[in-house]
Participant: 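Here's a structure for you.
Just so it is clear: chains get the letters A, B, ... in the order the sequence lines come, proteins before strands, and each one is counted from 1.
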Amino acid sequence: MEIIIVKDLVMRFGSFTANDRLTFSVAKGEIFGFLGANGAGKTTTMKVLCGLLKPTSGSVVVAGYDVALHPEKVKRNIGYMSQKFSLNDDLTVTENILVYGTIYGLGRAEIGKRTDAMLERLELTQVRKRLVKTLSLGWKQKLAFSVATLHRPSIVFLDEPTSGVDPVTRRRFWELIYEAAENDITVFVTTHYMDEAEYCDRVSIMNRGQIIALDTPQRLKQAHGVESINELFVRMVR
Amino acid sequence: MIKVRNICKSFGAVRALNDVSFEVRENELFGLIGPDGAGKSTLFHILISLMKPDSGDVALWGLDSVRDYRAIRKIIGYMPGKFSLYEDLTVEENLQFFASVFGVRVEENYRLIEDVYRHIAPFGKRPAGKLSGGMKQKLALSCALIHKPRLLVLDEPTTGVDAVSRKEFWDNLKTVRQAGVTAIVATPYMDEAALCDRIAFINNGHIFSVDTPQNIVKRTTQRIFAVRAANMRTLPALCRSLPGVMAAYSFGDAVHLAMNRHDAEAGEIRQQLICLACEKVEVKTVAPIIEDCFIITVKNQK
């Protein structure tokens, strides 16, 4: 089943075309890597898919809803972890979870239950009363991801979730992504770490507003005769 | 040349730096490799005289970082981890501003930054805040270099920058080095570590393994196995459950497995995974890369 269907998406800002006739789809439960150079138009696409920007033209259906017609319904069915750390630094871990749970309309009792389960899974129970600003970046990222999936959305959008994180924490983070995918949450992720592209079911490479490659990492490497996605990326985007 | 001797620094109960000592040689490209929270930025702040250590000292070409801070600031170029130029000033205005702060004219040292700056020169009239990530980095590097510092200190210059711009940035660093500048760079990208002359791993405020990337790889005694199977997503956790496994992590399209025992064989690992119901299991030994060495070092420390 396709959970994201994008047809001829065009997004213009004045005379600048950020997304130029994008067409692709993402299957339910898939980990989809959305790669591209800085300024290629990735964040714009992500915002359209999340119902935050109305497309100039084309059709975008996310979780069964047209983003142009029903952006609010789209937002209820997705989770979003932004590039900039989005939790509130001056609240504790549990307070942050409470805020997000309430925004997504979960009851107090349900939030409490999910909070306990989440903190145990993340091994964060010890720090539940600590202010978020006192946590290491790795912990913050794990927490931000879990908060983005607290309401059990059908899709989660991750915008450079591992930027600046060390090799060990980065990989632990990807195990959280695998876990989400196993639980049938579709993962739409951008990254500048090209080894992480290899962990995706499929990847697309975007350049100057257009998708210039889209397939499984394995097939892309074979088709272009390269050893790694990094090699392919540098070759195609340069 | 730079001598860091027995630096300690605490913030309340947190020991950010614990007896840190190392040296950086003249005209070296030195990499400081470590996770978030390891103490990299604190060390940099002490190095460039923005912070005093609790004990220990730093000497830059004989200048003491506490006593001679005025002289030191003139010979240092610093690029902080967070973009810190003036977003409302244009590209050209930022460069002019930094030149004037250091009492130089842009033209004097333009040759040093030419390779970097020519990529952003066409956008000279654009406010710095409107540049793409890669271009912001290039402008920040230009501003840090415009007074021709003896030492360039770069705190995670390529975090959040795409693979192509990252490569360009490192090509630029090589040019800077050829011009005689010594550079210390902190990075979480392990492939960048391999591009440095020498590197130091830093973790929990401790420095260890100061050496060339080649020697660090050579000194690693653990055997590393690359494992592939049908179930790649559950494979890291399954591998960690095997007896004698020190670390198991995804590495591109395989899982890398470091064993505690030195006599472990690919065949037995394969058998054990097949017993755990894994299918299409492939195990082969591979040469470690810097990233394996880092993970092993961090594990050993724990």
Participant: Answer whether the closest heavy-atom distance between the side chains of A/His192 and B/Arg166 falls below 4.5 Å.
Facilitator: no
Participant: Do the non-hydrogen side-chain atoms of B/Phe251 and A/Asp195 ever get within less than 4.5 Å of each other?
Facilitator: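 No, side chains not in contact.
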Participant: Tell me, yes or no, whether the heavy-atom count around A/Arg208 atom CZ, taken from other residues, nucleotides or ligands under 6.0 Å, exceeds 12.
Facilitator: no
Participant: Could you tell me if A/Arg170 sits above the aromatic ring of B/Tyr249, with its cationic atom closer than 6.0 Å to the ring centre and no more than 45 degrees from the axis?
Facilitator: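 Cation-pi check for A/Arg170 and B/Tyr249: fails.
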Participant: Can you give me the closest heavy-atom contact between A/Pro167 and B/Glu291, atom names plus distance?
Facilitator: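 Scanning both residues completely, I find the closest heavy atoms to be CB-OE2, 3.5 Å.
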Participant: Are there more than 12 heavy atoms of other residues, nucleotides or ligands under 6.0 Å from atom CG of B/Asp88?
Facilitator: no
Participant: Could you have a look at A/Gly36, A/Gly39, A/Ala37, A/Ser136 and say which one has the most heavy-atom pairs with chain B under 4.5 angstrom?
Facilitator: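 The candidate making the most pairs under 4.5 Å is A/Ala37.
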Participant: Rounded to the nearest 0.5 Å, what separation is found between the CG atom of B/Asp162 and the OG1 atom of A/Thr191?
Facilitator: 11.0 Å
Participant: Tell me whether the count of non-hydrogen atoms from other residues, nucleotides or ligands lying under 6.0 Å of CZ in A/Arg12 goes above 12.
Facilitator: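 Open: at most 12 neighbouring heavy atoms sit under 6.0 Å from CZ of A/Arg12.
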Participant: Answer whether the closest heavy-atom distance between the side chains of B/Arg233 and A/Tyr199 falls below 4.5 Å.
Facilitator: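 No, too far: nothing below the 4.5 Å cut-off.
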Participant: Using heavy-atom distances under 4.5 Å, tell me whether A/Glu175 contacts chain B through its side chain, its backbone, both, or neither.
Facilitator: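 Interface part for A/Glu175: side chain.
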Participant: Side chain, backbone, both or neither: which part of A/Ile31 has an atom under 4.5 Å from a heavy atom of chain B?
Facilitator: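 The answer is both parts of A/Ile31.
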Participant: At a heavy-atom separation under 4.5 Å, does B/Ser250 approach chain A through its side chain, its backbone, both, or neither?
Facilitator: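 Both parts, backbone and side chain.
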Participant: Among A/Arg172, A/Glu196, A/Lys221, A/Glu160, which has the most heavy-atom pairs under 4.5 Å with chain B?
Facilitator: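 Top count of heavy-atom pairs under 4.5 Å with chain B: A/Arg172.
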Participant: Any side-chain heavy atom of B/Pro188 within less than 4.5 Å of one from A/Tyr193?
Facilitator: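 Yes. Closest side-chain heavy atoms under 4.5 Å.
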Participant: Pick from B/Ile295, B/Thr159, B/Val161: which one has the most heavy-atom pairs with chain A under 4.5 Å?
Facilitator: B/Val161
Participant: Where on A/Val165 is there a heavy atom nearer than 4.5 Å to chain B: the side chain, the backbone, both, or neither?
Facilitator: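 Only the backbone of A/Val165 comes within 4.5 Å of chain B.
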Participant: So, for B/Gly160 and A/Asn38, which heavy atoms are closest and what is the spacing to 0.1 Å?
Facilitator: O-ND2, 3.2 Å
Participant: Around atom CZ of A/Arg21, are there more than 12 heavy atoms from other residues, nucleotides or ligands closer than 6.0 Å?
Facilitator: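 Counting neighbours around CZ of A/Arg21, 12 or fewer heavy atoms of other residues, nucleotides or ligands fall under 6.0 Å, so no.
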Participant: Does B/Asp191 reach the side chain of A/Met194, with side-chain heavy atoms less than 4.5 Å apart?
Facilitator: no
